[in-house]
Amino acid sequence: MLESHARILVVEDNEDNMTLIAYLLRAHGFFPELAYSGADGIALALEHRPQLILLDILMPEMDGYEVATRVRGYPELAETRIVAVTASAMVGDRERIVAAGFDGYIQKPIDPERFIGEVQRFLPAERARETAGPRPRPSSATTAPRTAS
Ligand code: MN
């Protein structure tokens, strides 16, 4: 299995959706942080500085629009990408999603076959490593061949 070092935060109030999203991410080598409310999501974002937040829109007390707007207010989270994970009907509100500072969206219901591919579109390119076996160590064997002098 490939291990990813991308930091992903999932903010989702629905237990079933959270279970599915977390399962899919873990099955593909991610170790997501999980928040079940907007307030917890902001706290975890500030603590972990994720590269990507997968953010539900419809949540009680603080919805995804407000979470995104608040996250965008923190300079230390300027590099964090925010992706709405939301029902098709809400995607009709695309201008509002963009205005709130989202970088894009993934439609619900989640398609398990396509989900990870959609997530990876929003992650910076990285080199995945094998979890089994030793980590590559810097050594003469791994350095680039030198040109003959
Ligand atoms: Mn919800």
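Both ligands and their constituent atoms are indexed starting at 1 by order of listing. These numbers were taken from a predicted model, which means no experiment stands behind them.
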Let me check your reading of the structure: within less than 2.8 Å of the Mn ion (ligand 1), is there an N/O/S atom from E12? no
Donor-acceptor pair, side chain of [X] and main chain of [Y], under 3.5 angstrom:
{"X": "R81", "Y": "Q51", "result": "no"}
{"X": "R72", "Y": "G101", "result": "yes"}
{"X": "R7", "Y": "R49", "result": "yes"}

Pick from T80, D103, I42: which one makes a side chain to side chain contact (heavy atoms under 4.5 Å, CB included) with I53? T80
Please name the atom of D13, restricted to N, O or S, that is closest to the Mn ion (ligand 1). OD1
Angle subtended at the Mn ion (ligand 1) by L58 O and D56 OD2, rounded to 10 degrees: 90°
